[in-house]
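The block underneath contains the structure these notes are about, expressed in structure tokens.
Being a predicted model, the structure only gives us computed values, none of them experimental.
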Amino acid sequence: MENLKKQEKVMLRNDGKLEKNKEFTEISDFPEYIEIQFSGKCNAFCKVCPHPQVRKEIPLGKMEVQLIDRILEECQHYRHKIINIEPYLNNEPFLDRDFLKTLRKIKKIGCNVEVSSNLSVLNYETIDAIVEEELISELRCSIFGFFYETYQSIMGLDYINTWNNFFYLLKKVKQKKSLMTIQFTMIDKVGLISQEEITVARKYFKELGVKFKVYPYLDRAENNGSKNEKTFLEDKYKVVGCKSDYLKNRLAINYDGTVSLCCQDWRKQVIIGDLKTQTIKEIWDSKKVNSIREQIYGETDPAKAFFCQKCELALLEQVNVR
């Protein structure tokens, strides 16, 4: 497919307003950001996440070692084109007992490694290994609640244990003068967390010298159970891009080797390839992916009931109505 030029697009925000966004739409030769789900499990019951329901509907297993090695071997071959390897996808990665072994394999590739975790299943020994062996470039701590009551309401995990792990991690990073970035992540959703709590948390982490990021709530392309009424379904706007750049420079790999359209596709509704029989490069360059890519980035009109039409991360373009 021919690469598109820079153009102005808009994104539908949670408040229903449209936000302008200028971006380039060049397609990379190989995915620059690769999300890999080595295990599909998560121990949390987050109200902002589809996982509690999805795990009742579809199997959530663990990636076979042979498949891991094949994927990482190809990543090693294309390491000069990869910016980030992200060994997590809609899961809690540290539930995988072999996750440290996998992180050690990834380190040999020489790419940045970004991991997101709720920290609840970590222990001091694991934290020591992560920091001392420099296995992670950026660790995003997904702890959706600064106050005890909020945390219990949203996540339902052990608040004290999680914070003990966080403080030990922070202490270890400072002791070793580690270059690993720690980001504390929260979700802003009316009815679940107050602006007062977010303000208190922001001040607290600023004083600690920890990066703090609040993300808007997403319905995960209706996978959270809510039905959206997007303006571009009213023939006013069409999908012309993805805020997360999926299939432009980002790819999402499931534990069973299947490759999903993106991280919003929790129920694997759009499978674009299978790494048990294909390589990443073959999938990335395939006719099927190019066809989907053209629909995402506005080169062709999307098919009826196109997955991206129900996603809040879709970039939009106004349709000329005569």
Side-chain angles (χ1 to χ4, degrees), residues 11-21 23 33 35 42-51 84 86 88 90-94 112-122 127 130-131 136-220 224 226 243-245 263-264 312-313:
M11 182 180 70
L12 184 66
R13 302 189 324 202
N14 289 348
D15 58 7
K17 296 180 180 179
L18 294 169
E19 177 182 283
K20 292 185 178 179
N21 179 283
E23 63 161 25
Y33 300 86
E35 301 171 16
C42 184
N43 61 329
F45 298 88
C46 299
K47 292 181 179 179
V48 297
C49 178
H51 202 286
N84 259 21
E86 301 172 7
Y88 69 96
N90 301 342
N91 68 336
E92 170 46 54
F94 287 101
N112 286 330
V113 177
E114 175 196 300
V115 174
S116 178
S117 169
N118 61 41
L119 304 188
S120 66
V121 294
L122 284 173
I127 293 171
I130 291 169
V131 177
I136 297 175
S137 308
E138 179 174 352
L139 180 57
R140 299 188 173 188
C141 306
S142 297
I143 303 176
F144 306 142
F146 187 69
F147 300 153
Y148 174 82
E149 294 79 6
T150 307
Y151 178 86
Q152 292 301 323
S153 173
I154 297 177
M155 301 191 74
L157 297 175
D158 189 330
Y159 181 82
I160 301 299
N161 180 63
T162 297
W163 277 98
N164 283 340
N165 286 332
F166 174 78
F167 287 126
Y168 184 80
L169 170 68
L170 188 59
K171 176 183 176 181
K172 192 73 178 180
V173 166
K174 291 181 177 180
Q175 283 179 344
K176 294 295 181 179
K177 297 181 179 179
S178 171
L179 297 177
M180 180 176 71
T181 300
I182 299 175
Q183 175 179 300
F184 194 100
T185 299
M186 296 178 71
I187 302 296
D188 184 2
K189 188 178 190 306
V190 176
L192 288 183
I193 188 167
S194 69
Q195 292 303 307
E196 177 188 5
E197 182 168 349
I198 291 173
T199 300
V200 171
R202 191 185 304 279
K203 180 181 178 182
Y204 180 80
F205 289 109
K206 183 178 180 180
E207 293 173 351
L208 277 183
V210 173
K211 187 178 178 181
F212 179 67
K213 181 74 173 179
V214 180
Y215 291 94
Y217 171 78
L218 296 174
D219 67 11
R220 313 298 177 94
N224 262 340
S226 57
K243 188 72 173 178
S244 295
D245 294 332
C263 69
Q264 303 298 302
E312 291 169 296
L313 294 176

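Residue Leu169 holds its CG atom at 6.0 Å from SG of Cys141, rounded to the nearest 0.5 Å. Going from atom CG of Asn224 over to atom CG of Leu218 covers 9.0 Å, rounded to the nearest 0.5 Å. To the nearest 0.5 Å, atoms OH (Tyr168) and CG (Leu122) are separated by 11.5 Å. In this structure, the separation between CD1 on Ile182 and NZ on Lys172 is 12.5 Å, given to the nearest 0.5 Å. Separating the CD1 atom in Ile127 from the CD1 atom in Ile136 is a distance of 10.0 Å, to the nearest 0.5 Å. Going from atom CZ of Phe144 over to atom OG1 of Thr150 covers 13.0 Å, rounded to the nearest 0.5 Å.
Side-chain contact between Cys263 and Asn90 is present, with heavy atoms from C-beta onward closer than 4.5 Å. Taking the side chain as every heavy atom from C-beta outward, Met180 and Leu139 approach each other to under 4.5 Å.
Smallest separation of non-hydrogen atoms from Glu35 and Tyr88: CB-O, 3.9 Å. Of all non-hydrogen atoms in Met186 and Ile143, the two that sit nearest each other are CG-O, 3.6 Å. Nearest heavy-atom pair across Leu157 and Gln152 is O-NE2, 2.8 Å. Closest approach of Gln183 and Lys211 over heavy atoms only: OE1-CE, 3.2 Å. Counting all heavy atoms, side chain and backbone alike, Tyr217 lies closest to Glu312 at O-OE1, 4.2 Å.
At least one donor-acceptor pair closer than 3.5 Å links the side chain of Glu92 to the backbone N or O of Phe94. Looking only at distances, a side-chain donor or acceptor of Glu197 sits under 3.5 Å from a matching main-chain atom of Phe146. Remark: side-chain polar atoms of Glu138 are not paired, donor with acceptor, to backbone N or O of Val115 under 3.5 angstrom.
Using cut-offs of 30° and 60° for the angle between ring planes, the Trp163 and Phe166 rings count as perpendicular.
Counting non-hydrogen atoms of other residues, nucleotides and ligands closer than 6.0 Å to CD of Glu196 gives a total of 12 or fewer. Within 6.0 Å of CZ in Phe167 there are more than 12 heavy atoms belonging to other residues, nucleotides or ligands. Under a cut-off of 6.0 angstrom, the local environment of NZ in Lys47 is sparse, with at most 12 non-hydrogen atoms contributed by other residues, nucleotides or ligands.
For the side chain to side chain donor-acceptor pair (under 3.5 Å) with Asn118, the lone residue among Asn43, Thr162, Asn165 that qualifies is Asn43.
Under the ring-ring contact (aromatic ring centres under 6.0 Å, His included) criterion, Phe147 pairs with no residue at all, not counting sequence neighbours.
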(request) Could you give me the CA-CA distance, side-chain angles and deciding distance for Asn84 and Ser137, then say whether side chain to side chain contact (heavy atoms under 4.5 Å, CB included) is met? (result) CA-CA 9 Å; Asn84 259 21; Ser137 308; over 6 Å; no
(request) Tell me, with the steps shown, if Leu192 and Ile187 meet side chain to side chain contact (heavy atoms under 4.5 Å, CB included). (result) CA-CA 9 Å; Leu192 288 183; Ile187 302 296; over 6 Å; no
Under 3.5 Å donor-acceptor pairs involving side-chain atoms of residues 198-205, not counting sequence neighbours:
| residue | atom | partner | partner atom | Å |
| --- | --- | --- | --- | --- |
| Thr199 | OG1 | Gln195 | O | 2.9 |

